[in-house]
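Report on the following structure.
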Amino acid sequence: MASEDCRVYHERQKLQFCLLHALNNLFQEKDAFTRANLNAIAEKLVLDEPNEERWTPLSFVFKPHHNTVTGNYDINVLISALEEKGKIVVWHDHRNGASSIDLDGPEDTHKLMGIVLNVSVRRFGGIWKSRHWVALRKINGLWYNLDSDLPAPHPFKDTDEVRQFLDHVIGNNGEILLIMNDRN
């Protein structure tokens with residue numbers, strides 16, 4: 001699902017697979033992750049947990065870390081998936097604001113690979129409130145909002161606009177996760 005800018009890969013939203021789309025958009029690759037990959041990670045997390053979940057008739061669909069039909073993966077799946085790719089997830093401290101995030105480093109040597117947001121959204125005319133995963137990434141010197149709900153990637157004009165957007169996310173109780181390359 002290429003965007004109008006053929007250099008920027010962009011997957012569109014399907015069901016509640018926003019984490020899958022955010023990861024593929026972050027890595028700029030169609031199958032950087034698949035449903036099968038994320039489902040396997042979610043199942044492994046259940047096996048690794050010391051407290052066994054109680055079985056209920058809904059256990060076939062509503063798993064501890066995801067919904068088997070619609071997706072809706074949690075933060076544990078995100079962190080495990082990124083660690084498998086050699087990335088480190090750092091939760092951004094809201095008290096510092098977006099000005100403390102180094103967005104200006106060169107892409108090839110910069111420690112910051114990209115940003116994943118978890119934001120509150122309202123769907124179905126505002127009736128249903130849920131959370132949504134969004135990726136931001138610097139590509140060819142330009143930061144993009146790769147939200148799978150957007151029809152195409154949205155380029156930011158500069159890092160000041162990215163910071164304003166991130167401050168808006170913070171102001172609306174969104175979470176900012178910095179995805180770091182595993183380099184010292």
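For the pair H132 and Q13, the tightest heavy-atom approach, listed with the atom from each and the gap, is CE1-OE1, 3.3 Å. Across all non-hydrogen atoms, the minimal contact from N24 to A32 is OD1-N, 3.3 Å. Scanning both residues, Y9 and K30, for their nearest heavy atoms gives OH-CA, 3.2 Å. Between S148 and H10, the shortest heavy-atom contact is CA-NE2, 4.1 Å. Residues L146 and P153 come closest through the heavy atom pair CD2-CB, 3.7 Å.
Looking at residues two or more places apart in sequence or on another chain, you find no side chain to side chain donor-acceptor pair (under 3.5 Å) involving Q28. With sequence neighbours excluded, the residues that form a side chain to side chain donor-acceptor pair (under 3.5 Å) with D93 are R95. By the side chain to side chain donor-acceptor pair (under 3.5 Å) test, D160 pairs with no residue at all, sequence neighbours left out. Taking D102 as the reference, nothing meets the salt bridge (Lys or Arg N to Asp or Glu O under 4.0 Å) condition, with sequence neighbours excluded. Applying the side-chain contact (heavy atoms from CB on, under 4.5 Å) criterion to H168, with sequence neighbours excluded, gives N172.
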Practice task
List the steps and the verdict of side-chain hydrogen bond (donor to acceptor under 3.5 Å, both in side chains) for N181 and K87.
Solution key: CA-CA 5 Å; N181 291 309; K87 305 301 177 192; 2.6 Å; yes

Problem - Residue pair V8, L142: steps toward the side chain to side chain contact (heavy atoms under 4.5 Å, CB included) verdict - result: CA-CA 11 Å; V8 178; L142 191 60; over 6 Å; no

Practice task
List the steps, then state whether side chain to side chain contact (heavy atoms under 4.5 Å, CB included) holds for V89 with M180.
Solution key: CA-CA 6 Å; V89 178; M180 312 302 282; over 6 Å; no

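By the 4.5 Å heavy-atom criterion applied to side chains, I101 and L166 are counted as neighbours. For the pair L178/M113, no side-chain contact is recorded, criterion being any heavy-atom separation below 4.5 Å from C-beta on. In this structure the side chain of Y73 never reaches within 4.5 angstrom of the side chain of L78, judged on heavy atoms. Counting heavy atoms from C-beta on, the side chains of L23 and L82 come closer than 4.5 Å. A 4.5 Å side-chain heavy-atom check between I115 and I179 finds every atom pair outside the cut-off.
In terms of modelled atom types and a separation under 3.5 Å, the side chain of H94 and the main chain of I176 share no donor-acceptor contact. Side-chain atoms of W133 never come within 3.5 Å of backbone atoms of V119 as a donor-acceptor pair (strictly under, hydrogens ignored). The backbone N or O of N118 sits less than 3.5 Å from a side-chain atom of R131, completing a donor-acceptor pair. R12 contributes no side-chain N or O that, together with a main-chain N or O of H21, makes up a donor-acceptor pair within less than 3.5 Å. Without hydrogens or angle criteria, N145 side chain to H154 main chain gives no donor-acceptor distance under 3.5 Å. Proximity of a side-chain donor or acceptor of S80 to a complementary backbone N or O of V77 within less than 3.5 Å is not detected. Within the 3.5 Å criterion, the main-chain N or O of A98 finds a donor-acceptor partner in the side chain of D167.
For F27 and F33, the distance between ring centers is under 6.0 angstrom.
A distance of 9.5 Å separates CZ in F156 from CG in L103, rounded to the nearest 0.5 Å.
The cluster map of Ile, Leu, Val, Met, Phe, Trp and Tyr, joined by side-chain heavy atoms under 4.5 Å apart, puts L150 and L26 in different clusters.
Ionic pairing of D104 and K138 is not present here: no N-O contact between side-chain nitrogen and carboxylate oxygen is shorter than 4.0 angstrom.
Neither side chain, Y144 nor N25, offers a donor N or O lying under 3.5 Å from an acceptor on the other. A donor atom on one side chain and an acceptor atom on the other are found under 3.5 Å apart for T34 and N37.
Residue pairs that meet the salt bridge (Lys or Arg N to Asp or Glu O under 4.0 Å) test with at least one member in residues 17-27, sequence neighbours left out, do not exist here.
The side-chain contact (heavy atoms from CB on, under 4.5 Å) test with L117 singles out one residue from D147, V169, I170, and that residue is V169.
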